[in-house]
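What follows is one structure encoded as structure tokens, with my remarks underneath.
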Amino acid sequence: MITMEDIVREGHPALREPASEVPLPPSAEDNDTLKQMLDYLQNSQDPELAEKYGLRPGIGLAAPQINVKKRMIAIHTMDEQGKQHTYALYNPKIISHSVEKSYLTSGEGCLSVDRSVPGFVPRNARIRVKAADIDGNPVELRLKGLLSIVFQHEIDHLNGVMFYDHINEEEPFAQPEQATPVE
Ligand SMILES: O=CN(O)C[C@@H](CC1CCCC1)C(=O)N1NCCC[C@H]1C(=O)Nc1ccccn1
Ligand code: NI
């Protein structure tokens with residue numbers, strides 16, 4: 001079971017190195033790792049389990065955060081309409097995106113960052129993603145709103161990018177150009 005001990009923090013090299021493509025069909029080991037990443041998110045959102053195991057709640061997780069330098073991400077979140085979305089994907093790739101930007105009005109945090117870094121994180125408002133699902137089958141997703149932001153945060157981790165790399169240093173809360181806020 002993944003707990004906070006397994007999550008590497010800022011300064012760990014795994015967070016700044018690009019992750020490798022996962023050979024498909026996925027090995028039993030990669031399949032298990034991805035399942036465990038999704039389990040972490042679900043456990044972390046269960047108040048009893050989060051309390052019992054000291055889990056910081058997460059809606060997304062990327063393999064480099066558990067020191068696995070492979071292109072695997074898990075997402076488990078409600079969207080703005082209250083619909084549950086669960087994804088466990090290999091080799092996600094943003095194949096196109098809107099000119100329009102968006103950002104979380106609350107700013108962003110990260111399970112690998114034990115401090116708050118204030119500021120808006122400008123991201124693409126809508127993205128098209130190609131990936132392989134947990135069984136290795138190709139999927140194509142068109143994402144907007146919170147889901148689009150979560151996917152971009154996770155795919156950034158696969159490229160050694162942290163959310164605060166995007167924050168305007170001079171003016172962290174400057175209104176990003178052509179951007180719609182996501183509450
Ligand atoms: O790489 C993956 N991570 O670092 C876990 C992050 C991923 C999210 C950060 C912003 C977009 C994706 C995560 O889930 N968090 N970051 C730390 C604070 C708690 C939690 C969070 O933002 N929760 C949340 C946000 C909006 C709505 C509901 N819940
Ligand atoms: Ni993160």
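In this chain, numbering begins with 1 at the start of the sequence shown. Ligands are counted one by one from 1 in listed order, and the atoms in each one are counted from 1 as well.
- Annotation: side chain of Met162 is not in contact with side chain of Asp156 (no heavy-atom distance under 4.5 Å).
- For the pair Ser112 and Leu15, the tightest heavy-atom approach, listed with the atom from each and the gap, is CB-CD1, 3.7 Å.
- Near Gly60, meaning under 4.0 Å from any of its heavy atoms, are these atoms of ligand 1: 2 (C), 3 (N), 5 (C), 14 (O).
- Those atoms of ligand 1 that come under 4.0 Å of a heavy atom in Gly58, given as number and element, are 14 (O).
- No side-chain heavy atom of Tyr87 sits less than 4.5 Å from a side-chain heavy atom of Asp133.
- For ligand 1, the atoms lying closer than 4.0 Å to a non-hydrogen atom of Pro57 are 19 (C), 20 (C).
- Among the atoms of Gln65, some N or O lies under 3.5 angstrom from an N or O of ligand 1.
- Ion pairing between a basic and an acidic side chain is recognised when a charged N comes within 4.0 Å of a carboxylate O; Asp165 and Arg16 show such pairing.
- Taking 4.0 Å as the cut-off between side-chain N and carboxylate O, Arg115 and Glu10 count as a salt-bridged pair.
- Close contacts between ligand 1 and Cys110 involve ligand atoms 4 (O), 16 (N), 17 (C) [criterion: under 4.0 Å to a heavy atom].
- Dense packing is recorded around CD of Gln84, with more than 12 heavy atoms of other residues, nucleotides or ligands lying under 6.0 Å away.
- Taking distances strictly below 2.8 Å, the protein N/O/S atoms close to the Ni ion (ligand 2) are Cys110 SG, His153 NE2, His157 NE2.
- Looking at Val150 next to ligand 1, no N or O pair under 3.5 Å apart turns up.
- Scanning the protein heavy atoms around atom 9 (C) of ligand 1, the nearest turns out to be Gly109 O, 3.4 Å.
- Inclusion of Ile59 in the set of residues having an N or O under 3.5 Å from an N or O of ligand 1 is warranted.
- For the pair Arg123 and Phe151, the NZ or CZ position fails the cation-pi test of under 6.0 Å to the six-membered ring centre and within 45 degrees of the ring normal.
- In terms of polar-atom proximity, Glu154 is counted as a contact of ligand 1, with an N or O under 3.5 Å from an N or O of the ligand.
- Contact atoms of ligand 1 toward Glu108: 10 (C) (distance under 4.0 Å to a heavy atom of the residue).
- The two residues Glu154 and Ala62 make their nearest non-hydrogen contact at OE1-N, 3.5 Å.
- Using a 4.0 Å threshold on non-hydrogen atoms, atom 22 (O) of ligand 1 does not count as touching the protein.
- For atom 4 (O) of ligand 1, the nearest protein heavy atom (residue, atom name, distance) is Leu111 N, 2.8 Å.
- Atom CD of Glu21 sits about 4.0 Å away from atom CG of Asn91, to the nearest 0.5 Å.
- Ion pair Arg126/Glu100 flagged as a salt bridge, since at least one NZ, NE, NH1 or NH2 atom sits closer than 4.0 Å to an Asp/Glu carboxylate oxygen.
- Contact annotation: for His157 versus ligand 1, heavy atoms closer than 4.0 Å belong to the side chain alone.
- In this structure Asp114 satisfies the salt bridge (charged side-chain N to carboxylate O under 4.0 Å, His left out) test together with Arg9, sequence neighbours excluded.
- The contact set between ligand 1 and Arg56, taken as ligand atoms under 4.0 Å from a residue heavy atom, comprises 17 (C), 18 (C).
- Within a 6.0 Å radius of CD in Glu140, more than 12 heavy atoms belonging to other residues, nucleotides or ligands are found.
- Few gaps surround NZ on Lys101; more than 12 heavy atoms of other groups in view lie less than 6.0 Å from it.
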